[in-house]
Protein chains: 2
Amino acid sequence: MTEPNPKDPAAIPDAAKRPGRDGKSNATIYDIAKLAGVNPSTVSRALSKPGRVSAKTQKLIEDAAAELRYQVNPFARALPTGRTNTIGLIVADITNPTFFDIIRGAQATATLRDYTLVLAESAESGVTELTAARRMMATADGLILASPRMDDNDIRALAADKPVVVINREVDGVPCVIPDVGKGISEAVRSLAANGHRKLAFVAGPPQSWMSARRWEGVQAACEWSRVTPVRLESSRPTVDGGRQVARDVLASGATAVMTYNDLLAIGLMQELQAGGMAVPDRISIVGFDDIFGADFTTPPLTTVRSPLGECGTAATTRLLDLLVGEGGDAGTLRVETELVLRGSSGRVVRQG
Amino acid sequence: MTEPNPKDPAAIPDAAKRPGRDGKSNATIYDIAKLAGVNPSTVSRALSKPGRVSAKTQKLIEDAAAELRYQVNPFARALPTGRTNTIGLIVADITNPTFFDIIRGAQATATLRDYTLVLAESAESGVTELTAARRMMATADGLILASPRMDDNDIRALAADKPVVVINREVDGVPCVIPDVGKGISEAVRSLAANGHRKLAFVAGPPQSWMSARRWEGVQAACEWSRVTPVRLESSRPTVDGGRQVARDVLASGATAVMTYNDLLAIGLMQELQAGGMAVPDRISIVGFDDIFGADFTTPPLTTVRSPLGECGTAATTRLLDLLVGEGGDAGTLRVETELVLRGSSGRVVRQG
DNA sequence: GCCATCTTGTCAACCGGTTGCCAAAAGTTG
DNA sequence: CAACTTTTGGCAACCGGTTGACAAGATGGC
């Protein structure tokens, strides 16, 4: 009774499971070696070290591998070599569309070069971020940090361990990819100045944000050049809600134009101002940053300083992968251009009355 | 001369590199065993099989592990066990915000339960999707397919190998999580009918999309109930651009209200219609699906049938993880409710003239 | 005080690749 | 054709965990 009966119908699923569990994806190099009549190590070489075995043996092994539908076991490979063909990407907030394009660019590039992308979120917190990074370090060959919130030193410590590329921030000694805000901002401020604006409010992002600081600097510099008075305002969070909340401060500032740390803030701000009866752009001009998905859904569509985010993701990934194969130049910073995207939310000052 | 001199300055970086390269993340269970004076296998058991070793030894080992900052090597663990603590998520299109919330929900849930999420994209193609899925199967413990485009049989074949959960589609014999469109659609159609609409166009999504078919069925059923005439139109792609392109068909159809397969189509359609001078909702009402990020950025904000996408991601992940620890019920379908979100893009028919 | 039972730790094999080292085979040269 | 160089394939150790089998020690019953 307890003896397995091969004809017992109940035994069939068990027997059928075998090839599913054991036989499905586990032709090993040993199986190939047996089939091809060579040594496993020869198989290993044929499959990973091009030119190390003769063309004849190579073909023999490749045929056997094809016949058995061989797939390398990534773990078995990772164990002795440490290479995993995986890169990690850590973003501050997955729900923030700013990162969408970065993720997309990174994903595409990684796939193209036969790497797998692993995604983690730091919830805008430096400590969560560091934890996630440490965890990823264990399994990934390298790391991309997008808009990291952690300490410069932590980043460098990470980079000492494995290749790291940073997006949207500049860290000494670590390769970085950053949008160069200069051009886009000066275009924006010049455009506003040309439309008669004399006082410009800048709604800042998170205090730890390196990029927010750069943008504020850029705005100040451009304002000086164009003889516009800049005013800095703080936001609670870099989100649509944060934008709504800062509306009263914006009104109180008396500025006729606003630039915000990002598009989310700009959109929230615009909604709140319009809800309060302020015409955009007739009474107040609004300029965002990044040109995220949805920035042109608003009425009027949002004028914004576009950062080529997808390009950043692509560039950072390319950089990292080059580093991994050892051909990466050293820790320079790659700058990508920003530009003004003029839409409907900015324009001439209309004399109130 | 060739003898290493401990005082030789040139030797220092080499010596310093050791702990960086070898000593950084590689305390092994062997190191712990040595420090604690026990056998490596005892360490392994202490660390993974609770209760298998005495409390005294347990403490000894834990202390040693803490002192050495031990971290398991996931590959060494994965090799003999096959468990990787990784789950894969495949989405049709990363740039489509529909998936944002799904990704986010899945990511959060996975992290919470100490799993890593790996993301892949199928570019809306069944074959790319299958390739990606096969690849992931090799490294992940289970898979979540969001809006899969591949064949039912392919999905079942995958599911025979390792646990698979499907979102936004129902596949016999495979656990699924789907928004139940019935409630949301009937609310929407009833609302439109109450506002005097008698002819409703439905802009369909991709032909292979299971969900698109369900939504069309739902619309037909609700229309019959409310005595509204449904017309089906096709879209080229389920994107903003696809929505713009379908605008002339919508006009030609003579319908006074439109429901679209998703919000992206609705937004594109609204932009195009407005650009052509059609007032929304005065001349035509538009209702989308999903309530994605940005659906309320438009003017008027988009009325839409909300699918709790984040919830779907969370539920699917929970389901999958339960399956992995063996406590998952069998292949049932989990339905989550949809509801109408009434915003400004739908309303009463205004007599033209 | 002896034997049965349970607990706890050890041994050794194994997962599936990679790689340094070496010897056999093949190719080259005088 | 011998001597030498270059290819090519095989052997075996190793990466760092897991786990079945087993034995020593602790516990308990009679």
S.K.: May I ask you to test the A:R77-A:S48 pair for a side-chain heavy-atom distance under 4.5 Å?
M.R.: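 Yes; the side chains approach each other to less than 4.5 Å.
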
S.K.: Starting from the C-alpha separation in whole Å, work towards a yes-or-no answer on salt bridge (Lys or Arg N to Asp or Glu O under 4.0 Å) for B:R169 and B:D152.
M.R.: CA-CA 10 Å; B:R169 172 158 160 192; B:D152 265 29; 2.6 Å; yes

S.K.: Before you tell me yes or no, could you show the steps for B:I155 and B:L145 under side-chain contact (heavy atoms from CB on, under 4.5 Å), namely the whole-Å CA-CA distance, both residues' side-chain angles and the distance that decides it to 0.1 Å?
M.R.: CA-CA 9 Å; B:I155 294 178; B:L145 302 174; 4.2 Å; yes

S.K.: Both B:P40 and A:S44 contact DNA chain C. Which one's nearest nucleotide lies toward the 5' end?
M.R.: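 Closest to the 5' end, via its nearest nucleotide, is B:P40.
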
S.K.: Does A:T81 reach a base, just sugar-phosphate, or nothing at all? Heavy atoms under 4.0 Å.
M.R.: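 Sugar-phosphate contact only.
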
S.K.: A side-chain contact here means heavy atoms from C-beta on lying under 4.5 Å apart; do A:T139 and A:T84 qualify?
M.R.: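 They are not in side-chain contact.
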
S.K.: For the pair made of CD in A:Q71 and C1' in C:dG16, what is the distance, rounded to whole Å?
M.R.: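 Distance, rounded to whole Å: 14 Å.
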
S.K.: Give the table of side-chain donor-acceptor pairs shorter than 3.5 Å for residues 110-117 of chain B, with sequence neighbours excluded, one pair per line with atom names and distance.
M.R.:
{"from": "B:T111", "atom 1": "OG1", "to": "B:Q107", "atom 2": "O", "distance (Å)": "2.9"}
{"from": "B:R113", "atom 1": "NH1", "to": "B:D322", "atom 2": "OD1", "distance (Å)": "3.3"}
{"from": "B:R113", "atom 1": "NH2", "to": "B:D322", "atom 2": "OD1", "distance (Å)": "3.2"}

S.K.: In terms of side-chain heavy atoms of B:R45, which of C:dG16, D:dG10, C:dC11 is nearest?
M.R.: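 For B:R45, the side-chain atoms sit closest to C:dC11.
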
S.K.: Report the residue (B:S41 or A:V43) whose heavy-atom-nearest nucleotide on DNA chain C is the more 5′ of the two.
M.R.: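 Result of the comparison: B:S41.
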
S.K.: Whole Å only: how far is the CG atom of B:L79 from the P atom of C:dT18?
M.R.: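 Value for this atom pair: 12 Å.
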
S.K.: So, does the side chain of A:R83 form a donor-acceptor pair with the base of C:dG17 at under 3.5 Å?
M.R.: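 Donor-acceptor pair under 3.5 Å: no.
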
S.K.: Which atoms form the tightest heavy-atom contact between B:C176 and B:V171, and what is the distance?
M.R.: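 Heavy atoms of B:C176 and B:V171 come nearest at SG-N, 3.3 Å.
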
S.K.: Nearest whole Å is fine: how far is D:dC15 C1' from B:R77 CZ?
M.R.: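 Whole-Å distance recorded here is 16 Å.
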
S.K.: Expressed in angstrom and rounded to an integer, what is the separation of B:I29 atom CD1 from D:dT18 atom P?
M.R.: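 In whole Å, D:dT18 P and B:I29 CD1 are 6 Å from each other.
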
S.K.: Taking the side chain of A:R52 as heavy atoms from C-beta outward, which of D:dG16, C:dG9, C:dC21 is closest to it?
M.R.: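 Among the listed nucleotides, the one closest to the side chain of A:R52 is C:dC21.
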
S.K.: Distance check needed: D:dC14 C1' versus B:N73 CG, whole Å only.
M.R.: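 Roughly 13 Å, once rounded to whole Å.
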
S.K.: Write down the atom of B:M137, the atom of B:K162, and the distance for their closest heavy-atom approach.
M.R.: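 What the structure gives for the nearest pair is O-NZ, 2.6 Å.
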
S.K.: Rounded to whole angstroms, how far apart are CG on B:N39 and P on D:dA24?
M.R.: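 Roughly 15 Å, once rounded to whole Å.
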
S.K.: Within the structure, does a side-chain N or O atom of B:Y30 lie under 4.0 Å from either OP1 or OP2 of D:dT18?
M.R.: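 Answer no for this pair, as no side-chain N or O of B:Y30 is under 4.0 Å from OP1 or OP2.
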
S.K.: Whether B:K49 contacts D:dT18 is assessed here as follows: a side-chain N or O lying under 4.0 Å from the phosphate OP1 or OP2. Is that the case?
M.R.: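 B:K49 to D:dT18 OP1/OP2: no side-chain N or O under 4.0 Å.
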
S.K.: Figure out the NZ/C1' separation between A:K34 and C:dG16, and round it to whole Å.
M.R.: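 Answer to the nearest Å: 14 Å.
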
S.K.: Could you list by number each residue of residues 54-65 of chain A showing a heavy-atom separation from DNA chain C of less than 4.0 Å, or answer none if no residue does?
M.R.: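 DNA chain C contact set from residues 54-65 of chain A: none.
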
S.K.: Measure from the side-chain heavy atoms of A:V53 and tell me the nearest of D:dT19, D:dG9, C:dG16.
M.R.: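 Within the option list, the nearest is D:dG9.
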
S.K.: Specify the separation, in whole Å, of atom CZ of B:F75 and atom P of D:dT18.
M.R.: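 So the two atoms are 14 Å apart, to the nearest Å.
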
